[in-house]
2 protein chains.
Amino acid sequence: MALAPRLTASLRRVALSPRPSPLIQRFSPICPVRWTSSATSEPRQPDAEGTLKNAPAPAKTIQFTAETYPNLKRHSKFAKLTQEHVTFFQDLLGVESAVIDGLSKDASEDIEAFNSDWMRKYRGHSQLVVKPGSTEEVSKILKYCNDNLLAVVPQGGNTGLVGGSVPVFDEIVINMQRMNKIRSFDEVSGILVADAGVILEVADNFLADKSHIFPLDLGAKGSCQIGGNVATNAGGLRLLRYGSLHGNVLGIEAVLPDGTIVDDLSTLRKNNTGYDIKQLFIGGEGTIGIITAISIVCPQRSPAVNVAYFGLESFEQVQNAFREAKNQLSEILSAFELMDGRSQRLVKTVTGKKRPLEGDHPFYCLVETSGSNTDHDSEKLQTFLESVMEKEIVSDGVLAQDQTQLQDLWSWREGISECLGHWGGVYKYDLSIPIADLYTLVNDTRDRLTKAGLVGEDDSYPVVDVLGYGHMGDANLHLNVPVRRYDKEVEKQLEPFVYEWVQKRSGSISAEHGLGIAKKSFIGYSRSPTMVALMKQIKNLYDPNGIMNPYKYI
Amino acid sequence: MALAPRLTASLRRVALSPRPSPLIQRFSPICPVRWTSSATSEPRQPDAEGTLKNAPAPAKTIQFTAETYPNLKRHSKFAKLTQEHVTFFQDLLGVESAVIDGLSKDASEDIEAFNSDWMRKYRGHSQLVVKPGSTEEVSKILKYCNDNLLAVVPQGGNTGLVGGSVPVFDEIVINMQRMNKIRSFDEVSGILVADAGVILEVADNFLADKSHIFPLDLGAKGSCQIGGNVATNAGGLRLLRYGSLHGNVLGIEAVLPDGTIVDDLSTLRKNNTGYDIKQLFIGGEGTIGIITAISIVCPQRSPAVNVAYFGLESFEQVQNAFREAKNQLSEILSAFELMDGRSQRLVKTVTGKKRPLEGDHPFYCLVETSGSNTDHDSEKLQTFLESVMEKEIVSDGVLAQDQTQLQDLWSWREGISECLGHWGGVYKYDLSIPIADLYTLVNDTRDRLTKAGLVGEDDSYPVVDVLGYGHMGDANLHLNVPVRRYDKEVEKQLEPFVYEWVQKRSGSISAEHGLGIAKKSFIGYSRSPTMVALMKQIKNLYDPNGIMNPYKYI
């Protein structure tokens, strides 16, 4: 895997002032340590053997979603796959590799990766995977499925966290990997047009060659596809700086269930001619159509990238640091990430790496700046560091001195998710909470599970720890509960507790991961009955037969 | 009117290097000149007497829209206003000033400003204006209108350019000016929640006190309302830097025709729980509901603002300058505006002001930077100026040395629109065109009108000139044809020529001004029949009786 974009950007030694202040000297260089570049905070796809390091369980033992959710019943209105259907798709797509036929022969080995998700949490029974090579093929596939009441699951890189991209029963998988061409890029406007199946990292590397950057970055970039990113309204690491896909995506080409091609692939920054219908597909999770291409405005890439890593004594100080960063780093601030002390201890335990800072702090932050002028950025960052040290907002900190160190500092944030899998399983919540209350949920959840006698250091306790990290700049908390085994008692303590807690503070029960199957039943904690009714109206309008990604979303 | 935000920001003398290069010396200080602060490039509302300086015609002679568009017929399904209806609204709203009743008495003087637009181009026959004071009142008004088949026009600041906010026949005007409270502001996240009727400038001044900025700025800021801005998806001067409202608006409260309150006033940057329905109201031009409140993420205000003004010899050089600006000014670039030589000569003719640069250039650009560090920004701008001079991209230029000069330089861009009205009328087109072709349309249009013998210096010719200016950074051209009188022959030459020209280049016939009544019939030049059909489906879904802002949009 190529290095992450932030890692390949040209770096520099921090230009400390000739007589560094005593405070700033504490930002000493850190020791370079090794960290594999595939470490991500978000999902990776299985390797060639279908295995994931630290995955909770081997592929064969993944429980079928239909068993995990016994209340879900296959809709009887949907047709069952026949040889005639399979032949239609084979004739339509021509290429042999474009159809994986599990009906007329045993293709379970081939089909398994499409039927289950990277977390090994969701598993369907699909007997057919089709891989269209063009928008017209997608149109013909969907029309046929709609006419014949065959349910489908659109699938991109299959890196989601809520089971949205794998079948529940026997839905046909429409995998977009063959639609992987970059269609155009305009260097003056920075507008990229590309097929939905282009891998995010491929798009970003292409843009890097042209001094631009994809306005979205996330751990799964090596596997996830830009069509899936848009369909799930992915947030990720660059949202603080570049804003959401609702603002950056300028156009979409999509196919409705009845085969209609939504030809809204505008490359204009401004186009006020009617309702912005494409927005419904952004975050629509493949439930009203399949995105086949997107156009997106991409910013200039910043040649100067700096990363600092702090230890702080309280969440109040984290908030103060964020306020100062927004104020002083302003236009160059590109990330402000939060990690609690527990998450950092855990990374240390699993990786055995040397920690960036001495001692132990209750909270850590990672601050990244990206700008066009190395010296200016260094000066701004230095002033910021001096001020947060002087005001005693921050207790200790380091500044990356070169690319290796920068990579290492990011690994203490991006490596959390992978390390969490170490003990067996993780209960993961992706929440938006007003900033002042953001971390209180972690404490409240820990107290609750501790009181219930579920947290402890030896194997008799299911829960290893309760911790939090996330995109502080977006008020987005990842509450994580690593466990030694999945346990009904733990689940009973967590739900609906977490959702009710978030609802009381008008937060979101799914900040960036979407609904999928995991959050479908909990939407009422974040949306009113009126909003849910309006959403159902939209679903019925575009997909009256309900063939698109059934059993999920709303 | 208070000064525009950019003008009140703390300014500074440009820090030229101790030994300025010969090139940069050409960026000499300009003479401060007087320019009234009300000069705008976009509409103002009539003053207390209902008059506009340089307005083409006094209010009484404005033609009724129904006469300008004789093909438009009042829908017979709509009810005619009765005393019973008026009494209902009077009882509902209580306050006497909240209802302007033109049915039971002659209120034509009071009602005129609500029946006609600031350009004196559109005029309706409404006999009733209602001014709700709360979302619940909006809900009751709409439900009553829907139940009784009374057509309505939602109205904000009534500063639009396409006749979208005034009635065509006897629609009831629902004016939002009484809903003008700022509901909340969070200083850590920068999220503002406010009623739809808050004036844009009031919101921005409120934010200025808290070191934040409204991520939208336009000439009409002293009159336009933020609800109207969102309903028309206003673009304006800050889009290049802060992006579109589709990205910045986090939540909307709106009322559907049947009285349903869409309670989607989220204050979360991330909330992936279902279809993003609020997006349909952004740019929906009041055709599916009335926005009653918005929540919007507001960036940190930049303390350092710089403005430079250039003369250039060709449109190719303008493109080169834009490329360099994007590349070198990157994160601090906040505006890149284009004005052709003709537009600048015209401002000179009308205002008699001293021009910022000696001589005459075919093109001019205004470049604004906004950042957090004055010295850094000056240095970046100076490096940029040196490079564009050295490469002979720019022929001449000035840099504002103080606030007065900054204001003056902006007046050469923002003053164009007002000056254009000097001769009687203006044909205005607001277009998105791929940047390389952007200015070709102005030349082609001028050639066409000249060939037709319509352009000349004395009163026998209807056309004064053909010129172009606009938001280069957004590929948004304002093609303007100032005329001595409106003339059918000129119209025949302009339309459909301009629209066909734009269509061939996959541009937009309405970049930021919307459709309203002016562009309704031309949507086919920018949208396919499929897209228009999908839009009609949405309209029918939310407003099956068609009472919302009829005769307009799609």
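Nothing here was measured: the structure is a model prediction, and the numbers come from that model. Chain naming here is simple, since letters A, B, ... match the order of the sequence lines and numbering starts at 1 in each.
Of all the listed residues (A/Thr383, A/Asp276, A/Ile433), the one sharing the greatest number of non-hydrogen pairs under 4.5 Å with chain B is A/Asp276. Counting heavy-atom pairs closer than 4.5 Å to chain A, the top residue among B/Ile523, B/Leu280, B/Thr232 is B/Leu280. When each of B/Asp264, B/Leu245, B/Asp186 is scored by its heavy-atom pairs under 4.5 Å with chain A, the top score falls to B/Asp264. Interface summary for chain A: among B/Ala533, B/Pro299, B/Ser528, the most heavy-atom pairs under 4.5 angstrom belong to B/Ser528. Counting heavy-atom pairs closer than 4.5 Å to chain A, the top residue among B/Arg241, B/Glu285, B/Gln300 is B/Gln300. The residue among B/Gln279, B/Lys520, B/Arg269 with the most heavy atom pairs within less than 4.5 Å of chain A is B/Gln279. Between chain B and the residues A/Ile277, A/Thr530, A/Ile554, the most heavy-atom pairs under 4.5 angstrom are made by A/Ile277. With chain B as the partner, the residue from A/Gly283, A/Ser508, A/Gly235 showing the most heavy-atom pairs under 4.5 Å is A/Ser508. When each of A/Arg323, A/Lys519, A/His246, A/Met531 is checked for heavy-atom pairs under 4.5 Å with chain B, A/His246 comes out on top. Taking chain B as the reference chain and counting heavy-atom pairs below 4.5 Å, the highest number among A/Val297, A/Asn327, A/Ile282 is found for A/Asn327. Comparing B/Gln319, B/Lys380, B/Met535 by how many heavy-atom pairs each has under 4.5 Å with chain A, the most go to B/Met535. Among A/Val532, A/Asn248, A/Ile191, A/Thr287, the residue with the largest count of heavy-atom pairs under 4.5 Å with chain B is A/Thr287.
A/Ser302 and A/Ser370 are not linked by any side-chain donor-acceptor pair at a separation below 3.5 angstrom, with hydrogens and angles left out of the test. Judged purely by distance below 3.5 Å, without hydrogens or angles, the side chains of B/Thr273 and A/Tyr525 never pair a donor atom with an acceptor atom.
For a residue to count as touching a neighbouring chain, one of its non-hydrogen atoms must lie under 4.5 Å from one of that chain's; by this rule A/Phe281 does not touch chain B. Interface residue B/Tyr542: only side-chain heavy atoms are found under 4.5 Å from chain A. A/Tyr553 touches chain B through its side chain: at least one heavy atom from C-beta onward sits under 4.5 Å away, while N, CA, C and O do not. Looking at A/Leu515, the atoms closer than 4.5 Å to chain B (heavy atoms on both sides) sit in the backbone and in the side chain alike. Within the 4.5 angstrom heavy-atom criterion, no atom of A/Ser211 approaches chain B. Residue contact with chain B, scored on non-hydrogen atoms closer than 4.5 Å, involves the backbone and the side chain of A/Lys539 alike. A/Lys326 touches chain B through backbone and side chain together, each having a heavy atom under 4.5 Å away. The parts of A/Leu240 that come within reach of chain B are both its backbone and its side chain, each placing non-hydrogen atoms under 4.5 angstrom from that chain. With a 4.5 Å cut-off on non-hydrogen atoms, A/Leu534 touches chain B through its backbone and its side chain both.
B/Tyr242 is listed as a side-chain neighbour of B/Ile213, based on a closest heavy-atom distance under 4.5 Å. For the pair A/Leu265/A/Arg183, a side-chain contact is recorded, criterion being any heavy-atom separation below 4.5 Å from C-beta on. You'll find the side chain of A/Leu329 stays beyond 4.5 Å of the side chain of A/Phe336, heavy atoms only. For the pair A/Phe315 and A/Met472, the minimum side-chain heavy-atom distance is below 4.5 Å. Inter-residue side-chain proximity for A/Tyr275 and B/Ile288 is flagged as met; some heavy-atom pair is nearer than 4.5 Å. Under the 4.5 Å side-chain criterion, counting only non-hydrogen atoms from C-beta, A/Thr267 is not in contact with B/Ser506. The shortest side-chain heavy-atom distance between A/Leu218 and A/Asn229 falls under the 4.5 Å cut-off.
Of all residues spanning residues 249-261 of chain B, those with a heavy atom less than 4.5 Å away from chain A's heavy atoms are B/Leu256, B/Thr260, B/Ile261, arranged by number.
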| said: Does B/Leu541 form a side-chain contact (heavy atoms from CB on, under 4.5 Å) with A/Ile538? I'd like the steps, not just the answer. | reply: CA-CA 9 Å; B/Leu541 182 71; A/Ile538 290 289; 4.1 Å; yes

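Listed for the B/Ser139 side chain is no donor-acceptor partner under 3.5 Å among the backbone atoms of B/Thr135.
Not counting sequence neighbours, the partners of B/Gln328 by the side chain to side chain donor-acceptor pair (under 3.5 Å) test are B/Glu324, B/Ser387. B/Asp430 meets the side-chain contact (heavy atoms from CB on, under 4.5 Å) test with B/Asn476, B/His478, B/Ser510, B/Ala511, B/Glu512, B/His513; sequence neighbours excluded. When the ring-ring contact (aromatic ring centres under 6.0 Å, His included) test is applied to B/Phe185, the partners found at least two apart in sequence or on another chain are B/His212.
Note that NZ of A/Lys278 and OG of A/Ser295 are 7.5 Å apart. Values are rounded to the nearest 0.5 Å.
Counting heavy atoms of neighbouring residues, nucleotides and ligands inside a 6.0 Å radius, atom CD of A/Gln537 exceeds 12 of them.
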